Amino acid sequence: MGKQTFVIVGGVAAGMSAASRIRGLKKDAEILVFERSNYVSYAACGMPYLIEGKVSSSKDLVVYDSRFFKEKRNIDVFLHHEVVKITPTTKSVLVRNTETGEEKEYSYDRLLISTGARPILPPIKGLNLNGVFTLRQLEEGIAVYDYIGTKKPKRGLIIGAGNIGMEMAEAFSARGLNVTIVEKMPSILGSMDDEINEVVEEELKKNGITLIKLKAVVEFAGENSVVKEAILEDGEKVQADIVIIGAGIRPNAEIATEAGVEIGQTRAIKVNERMETSVTDIYAAGDCAEAYHLIYGRNVYMPLGTTANKQGRVAGENMAGGDAKFIGVVGTSVFKVFGLEVGRTGLTEKDAMREGKDFVSNVIEHNSRAHYYPGGAKIKVKLIADKRSKQLLGAQMVGREGVSKRIDIFATALSAKMTIDDIANLDLGYAPPFAPVYDPVLIAGSELLKKFESIR
Ligand code: FAD
């Protein structure tokens, strides 16, 4: 076989992981990455901290630039190049240079669609006013940072109380803004349970954040094309000099659909564990693709950076002739909001009820360190387990320290299909500065066991 050509559409977490993996396995292949924005390989997750000022430069969020990829890995990155069409019958892509408008066709032997996702724009009038932002691409993060620096907004409004909404509330607050979050659903943080949400809401309140639930914004009104206020569905007005729309994301799957690639029920690209799509020699990975959920037992749409990197690597390995598998996710995520760490993995009680599971749940609070050792804090843990098998279904945690890594114990337990008995008997590390003798993880397990015994 002659020199193979690998084409990658979208050059961030999934795309560049794949490109690098292909290069590692195929020294002489041609690898072409088309990226329609100005950056590749950047850490979108770091944008709230750039805006807050904790990360001093947007350059710090760029892991490697296009020059690095050419010089060190011989990967050709085309910035400002958008793939507008994929033609599987001729195994080619049509690429438009977004600066010149010029279009050119490129052939591929194997293609990766790693086009990511885009923010959902709710039906609000005035979305085009200056000062209304979405936060997805690095350019947008830089624009928000610059807007705060130059326009000096005083009142920040965040639409949507998800993880990014929480991180942005903290970022705005650190920049001296008065912050309001508007969430149209009855509760914050998606399907997280009330016992966790109430702690987060208290933290928001303590830090001066106004949270408005169960109301949708219908209009942004402005002066001289600059946003000044948001009008809610009941007519209430919220003053705002800057707005972030954080109402969720949708997979960029259109070019895949048009190419005849099968789309899953989640509206993301359907893939198997090798990250192959329904079309031969076309792979997909990252936020444009589905992921198999080990607890639900079906494909889901849970777009996260950690998954995008791993799926990209698996896709790259298989595109280069390997046999790698992405076994799936258990739905683990963590975030920080002011002094709190919040984490979840697997199913919440709301999820379990929606799935019609027969389950037992319990909530405990326990110290993060030995009670006599200074600096500790309470951690709240909620566990959910299958009523018949006692197998763990999910865990949620909130506290001032020690949450983000402890949740990984439960993520591991979910992957290993452990029961609550297994969890209550884990051999976890102990020393006073890090944990009490009985870690909150063990207490959560043993208290849930007691509940099982009481209902037997
Ligand atoms: P993307 O990062 O979306 O990249 C896709 C790229 O494809 C884009 O640059 C786009 O320009 C390009 N593209 C699209 N269509 C075309 C086309 N037709 N032609 C050429 N190029 C195209 N995840 C976590 O796990 N933890 C976190 O703490 C976390 N925090 C986050 C905070 C913020 C503010 C944001 C926005 C995201 C966060 N994420 C986090 C999610 C994480 O950033 C994404 O899951 C990850 O970036 C997905 O990578 P990707 O490569 O699949 O897609």
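As a basis for the values below, the full set of heavy atoms in this structure was taken, side chains included, without hydrogen atoms, waters or symmetry mates. Ligands are counted one by one from 1 in listed order, and the atoms in each one are counted from 1 as well. Index from 1, following the sequence. Source: prediction; values computed, not measured.
Taking every non-hydrogen atom of Gly286 and a distance limit under 4.0 Å, the qualifying atoms of ligand 1 come out as 52 (O). Set against the non-hydrogen atoms of Leu135, the atoms of ligand 1 under 4.0 Å away are 34 (C), 36 (C).
Residues Phe6 and Tyr108 place their aromatic rings such that the two centres sit no closer than 6.0 Å. If you look at Tyr106 and Phe34, their ring centroids are closer than 6.0 Å.
Taking each of Ser333, Ala14, Gly46, Ala253 in turn, the one with a heavy atom nearest to atom 51 (O) of ligand 1 proves to be Ala14. By heavy-atom distance, the residue among Arg118, Arg96, Gln137, Glu82 lying nearest atom 8 (C) of ligand 1 is Gln137.
Two residues are said to be in side-chain contact when any heavy atoms from C-beta on lie closer than 4.5 Å; Lys213 and Glu201 meet this criterion. Within the 4.5 Å cutoff, the side chain of Glu258 has no heavy atoms near those of the Lys85 side chain.
Using a 3.5 Å distance cut-off with no hydrogens or angles, the side chains of Gln396 and Thr348 do not pair a donor with an acceptor. Counting only N and O atoms by type, the side chains of Thr87 and Thr89 include no donor and acceptor under 3.5 Å apart.
For atom 14 (C) of ligand 1, the nearest protein heavy atom (residue, atom name, distance) is Thr115 O, 3.2 Å. Protein heavy atom nearest atom 24 (C) of ligand 1, with residue, atom name and distance: Gly305 N, 3.4 Å. The single protein non-hydrogen atom nearest to atom 40 (C) of ligand 1 is Cys45 SG, 3.2 Å, given as residue, atom name and distance.
Under a 4.0 Å heavy-atom criterion, Gln311 is not in contact with ligand 1. Ligand 1 is approached by Tyr42 to a heavy-atom distance shorter than 4.0 Å.
In Ile164, the part holding a heavy atom less than 4.0 Å from any atom of ligand 1 is the side chain. With a 4.0 Å cut-off on non-hydrogen atoms, Ala117 touches ligand 1 through its backbone and not its side chain. Looking at Ser114 against ligand 1, only its backbone comes within 4.0 Å, counting heavy atoms. Contacts of Ala308 with ligand 1, taken as heavy-atom pairs under 4.0 Å, involve the side chain alone.
Counting non-hydrogen atoms of other residues, nucleotides and ligands closer than 6.0 Å to CD of Glu355 gives a total above 12.
Take Thr266 and apply the side-chain hydrogen bond (donor to acceptor under 3.5 Å, both in side chains) test, not counting sequence neighbours, and it matches Glu290.
Taking only nitrogen or oxygen atoms, main chain and side chain alike, Glu167 does not reach within less than 3.5 Å of ligand 1.
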